[in-house]
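Structure first, commentary second.
Here is how names work: the chains are called A, B, and so on, in the same order as the sequence lines, proteins then strands, and each is numbered from 1. It should be emphasised that the depicted structure is a prediction, and the values quoted were computed from it without experimental measurement. All values below were derived from every heavy atom in this structure, side-chain atoms included, with hydrogens, water molecules and symmetry-related copies excluded.
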2 protein chains.
Amino acid sequence: MVAKTYTIRDVAEKADVGVGTVSRVINNSPLVSEKTREKVLAAIEELDYHPSPIARRLSTGGRSQAIGIIAPFFTRPAYVGRLRGIETALLESQYDLILYNVETPEQRDDLFKRIPRERRVDGLVIITLHPTDEDVRLFKQYGMPVVLVDSKHSELTSIIIDDIDGGRQGTQHLIDLGHRKIAFLSDYIDYPFGFGASQQRLKGYRQTLERNNVVFKEQYHRQGDHSKAAAYRLAQELMALSEPPTSIFTTSDTHAIGCLEALQALGLQVPEDVSVVGYDDIEVSAYIGLTTVSQPLFQSGVDGITTLMEIIDNGSDEAPSRSITLPVNLVVRETTGPPPSN
Amino acid sequence: MVAKTYTIRDVAEKADVGVGTVSRVINNSPLVSEKTREKVLAAIEELDYHPSPIARRLSTGGRSQAIGIIAPFFTRPAYVGRLRGIETALLESQYDLILYNVETPEQRDDLFKRIPRERRVDGLVIITLHPTDEDVRLFKQYGMPVVLVDSKHSELTSIIIDDIDGGRQGTQHLIDLGHRKIAFLSDYIDYPFGFGASQQRLKGYRQTLERNNVVFKEQYHRQGDHSKAAAYRLAQELMALSEPPTSIFTTSDTHAIGCLEALQALGLQVPEDVSVVGYDDIEVSAYIGLTTVSQPLFQSGVDGITTLMEIIDNGSDEAPSRSITLPVNLVVRETTGPPPSN
DNA sequence: TATAAATATGGAACCGGTTCCATTTTATTG
DNA sequence: CAATAAAATGGAACCGGTTCCATATTTATA
């Protein structure tokens, strides 16, 4: 049942050379005469021989020709945007893509330990998650190249999104429109799982309030999981306050859509009664006219992969870590306007 | 630099047994005494020994514990919905997910040949793409379990979406509303890459027109690539006809959004001037009030994976192929209404 | 032509597991 | 207790590559 596959010994026999010579040919060693090389290549072609990647990997830890991506809840629109950049960057490369989805801290811990040891991937892009110092020590111990995207560690090369500036831009926009009751709706900030981006955005939000002498109100900061349904519920809670906000700044477009649905259900007009700002600028944001902080999802994916491939190609597990900061950019559409006059 | 990893020989030495005994312990063979087993497990724990997956795979073609997914343009919303089902089904399993993205027929051909040979995955889910008889022969030759999702081959187990019925339901809905000028906007039907789904939907569309004595008009069928931008352009072309359609049935929600944007730009009201029906029911379809043929994206992903895992666990490359057909379901929202009165 | 230097080659040992058969140990029976 | 049967064990051979050193061959020099 299992197909007949030829081995290096079959090629050696057909070409009447030793296995070492075949190995030298398939690995482009200069230490083979042209005449012998051609004889071996003819045998390879005749047998349709392909070296076993498995055997290669065992004998010398040869490359797996795969890149691992670790991301939490990777089917969320923001991650999909990054994934799009990733697959575009990988398209013309010889690397396969292995996706490791994470939904709990336990899974994260298991993967951070397992992946370097298993040597299934030549390098790793970690999206949004924060490796500990101990994790980083293990990566280096196993010589595993790692690039962080939307995350930062002093010893690893990082593609950083300027989320503090994103929080600032969204908040300043609302303040410039005259809003002073600005709610902030985010992922769980203190979730031990450790999404850093929302923390940075909250920081930008709070700094901007302060800089404009607007008092931060605890009840205007709502946290929930990343789903649209959670945002729907939280928006309803916000609007049920005795002094509801005149605007809501969310930390994802998915959350923004949940808010818009809730406001719609409450018979409120956007932006006449309440303004809404999203974050990400996913594909449908233009159609629904969402004002949002656009982040370079696609570009961060591309940069993460190209940087990692450089590190792998340079065999530079000793290279100093770098930080690349990508800017964000407020896109004003139709979900923001001045607050109601009363 | 490379970390110290222990081998089976180290364990054997520490436990004062032979390597065969260690192998029997780690593979749960009954042919080990309880006393010896405990001695070996203690040594394993003390050394924090983990068997090398690579060496295992070489010696017996052991399982790779990974499942491959081949999908074209996999970051499209419809594929993401399936991916969501896939990752949910994989979450509690021990399988890693390897994604093979395809954007050309050449890539597809390369992958269909390479993947079975490389033995990197224990099984394969192929989404939407159609393997040839020759491809299937090769899968069987290498004993590679394969499940098709939204695709069909008589010798492979398939999860099928009833796309003819989907085409029928969307078209019948428009006819019931009084529409007779119904445009159909799809992917390239004759594209040699072979997306079958759009062909089936077109078939449902044409059969339903016929069944209702509506003449099929060639200029009402427009084809383009899968992007929103293509749909925007095609919708503009349709509305520029001397007798423009009163409704547009698209074969993806992404296309529907492109149409809605185009109609908006043309100052047309939806559904008062033109009705729009999508296909997929992606996450934002509810918010934008899109009438769409909802297909069980999530469920098809789950079924594809669970079926494949069954096949793998049963070692049943000899099992007869099965077909599972999942229904589609028209969801009427706000983008469809009666045609203009004139 | 003989010698030295350079180049090319073959294949045993190794990578870290699995397996199967020869051998050893334990349990059972007469 | 001895003989037989059953259970447990050890380790050489194998999986399919890579590599490095001993050896063979070719080339250059005197």
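Considering only residues two or more places apart in sequence or on other chains, A/K152 meets the side-chain contact (heavy atoms from CB on, under 4.5 Å) condition with A/S158, A/I160, A/S323. Every residue meeting the side-chain hydrogen bond (donor to acceptor under 3.5 Å, both in side chains) condition with A/H153, not counting sequence neighbours, appears here in chain and number order: A/D133. Scored by the side-chain hydrogen bond (donor to acceptor under 3.5 Å, both in side chains) test, A/S64 finds A/D122 as partners (sequence neighbours excluded). Listed by chain and number, the residues in a side-chain hydrogen bond (donor to acceptor under 3.5 Å, both in side chains) with B/E134 are B/R137 (sequence neighbours excluded). By the side-chain contact (heavy atoms from CB on, under 4.5 Å) test, B/R117 is found to be paired with A/H50, B/R114, B/Y142, residues two or more places apart in sequence or in another chain being considered. Residues passing the side-chain hydrogen bond (donor to acceptor under 3.5 Å, both in side chains) test with B/R37, sequence neighbours excluded: none.
Here the P atom of nucleotide D/dA7 and the CZ atom of B/R37 are 15 Å apart, to the nearest Å.
An angle of 50°, rounded to 10°, separates the two end axes of the helix from C/dT1-D/dA30 to C/dG30-D/dC1, each defined over five pairs.
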Inset, instruction - Take nucleotides 13-23 of chain D nucleotide by nucleotide from the 5' end and write B, S or -, depending on whether a protein heavy atom sits under 4.0 Å from the base, only from the sugar-phosphate, or from neither. - result: --BBBBBB---
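Pairs engaging residues 102-126 of chain A under the ring pair (Phe, Tyr, Trp, His ring centres under 6.0 Å) rule: A/F112-A/F139 [sequence neighbours left out].
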Inset, instruction - Show the numbers, then the answer: is there a side chain to side chain contact (heavy atoms under 4.5 Å, CB included) between A/I115 and A/I70? - result: CA-CA 10 Å; A/I115 293 175; A/I70 312 191; 3.7 Å; yes
Donor-acceptor pairs under 3.5 angstrom involving side-chain atoms of residues 9-19 of chain B: please list them, not counting sequence neighbours.
unit_1, atom_1, unit_2, atom_2, d
B/D10, OD2, B/T7, N, 2.8
B/D10, OD2, B/T7, OG1, 3.4
B/K14, NZ, B/E46, OE2, 3.4

Give every donor-acceptor pair under 3.5 Å between a side-chain atom in residues 84-91 of chain A and any protein atom, sequence neighbours left out.
unit_1, atom_1, unit_2, atom_2, d
A/R84, NE, B/T75, OG1, 3.1
A/R84, NH2, B/T75, O, 2.8
A/E87, OE1, B/N101, ND2, 2.3
A/T88, OG1, A/R84, O, 2.9

Can you pull every protein N or O that's under 3.5 Å from an N or O on nucleotides 26-28 of chain D?
none

